[in-house]
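Quantities reported herein were computed from a predicted structural model and do not represent experimental measurements. Count residues from 1 along the sequence.
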Amino acid sequence: QVQLAESGGGLVQPGGSLRLSCAASGSIFRIFTSNVMGWYRQAPGKERELVAAITRGGDTNYAEFVKGRFTISRDNAKNTVYLQMNSLKAEDTAVYYCCLGPGSQRSFTSQYWGQGTQVTVSS
């Protein structure tokens, strides 16, 4: 089994920045065979949506609404994925969830999920 622990969420003003982190722990085999780590978000009353994904080799995929503002990265030695969020907007307010699973950056299965971290963008 794999556990994912998100951190870095909080309250920020529009135009501000936050850096989310997600560390995977547990089964080394499951982590090793899971090629993709990613971030989803869910706002109240809305469906959960993909924000960004990254493969072990560093190939990335971004939702159109975050391109040019967010950057996903990972440290394979630490089994950790990051999401640098710049130029934040009120509509970015949501619970952000980390996930891990097999596949490519554009087509993967989220086998493991974190509990989520709240991001609130408000004046």
If you count heavy atoms of other groups shown closer than 6.0 angstrom to [atom1] of [X], is the number above 12?
| X | atom1 | result |
| --- | --- | --- |
| Gln42 | CD | yes |
| Glu47 | CD | no |
| Lys46 | NZ | no |

Indicate yes or no: at least one non-hydrogen side-chain atom of [X] is less than 4.5 angstrom from one of [Y].
| X | Y | answer |
| --- | --- | --- |
| Asn35 | Arg56 | yes |
| Cys22 | Tyr97 | no |
| Gln118 | Leu11 | no |

Main-chain N/O of [Y] paired with [X] side-chain donor or acceptor, under 3.5 Å:
| X | Y | answer |
| --- | --- | --- |
| Ser110 | Cys99 | no |
| Ser34 | Phe32 | no |
| Arg41 | Val95 | no |

Pairs satisfying side-chain hydrogen bond (donor to acceptor under 3.5 Å, both in side chains), at least one member in residues 4-32, at least two apart: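 Qualifying pairs: Ser17-Asn86, Arg19-Gln84.
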
Between OG on residue Ser107 and CG on residue Asn61, distance to nearest 0.5 Å: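 The OG atom of Ser107 sits 10.0 Å away from the CG atom of Asn61.
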
Salt bridge present between Arg106 and Asp59 (N-O < 4.0 angstrom):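 No.
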
Heavy-atom closest pair, residues Ser87 and Asp92: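 What the structure gives for the nearest pair is O-OD2, 4.4 Å.
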
Contacts of type ring-ring contact (aromatic ring centres under 6.0 Å, His included), residue Tyr40, not counting sequence neighbours: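 Tyr40: ring-ring contact (aromatic ring centres under 6.0 Å, His included) contacts with Trp113.
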
ILVMFWY cluster membership beyond Val2 - transitive side-chain contacts under 4.5 angstrom: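 Besides Val2, the cluster holds Leu4, Val12, Leu18, Leu20, Ile31, Met37, Trp39, Val51, Ile54, Tyr62, Phe65, Val66, Phe70, Ile72, Val81, Leu83, Met85, Leu88, Tyr96, Leu100, Tyr112, Val119, Val121.
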
Lys NZ or Arg CZ of Arg74 over Tyr82 ring: under 6.0 Å, within 45°: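 Ring-cation test returns no.
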
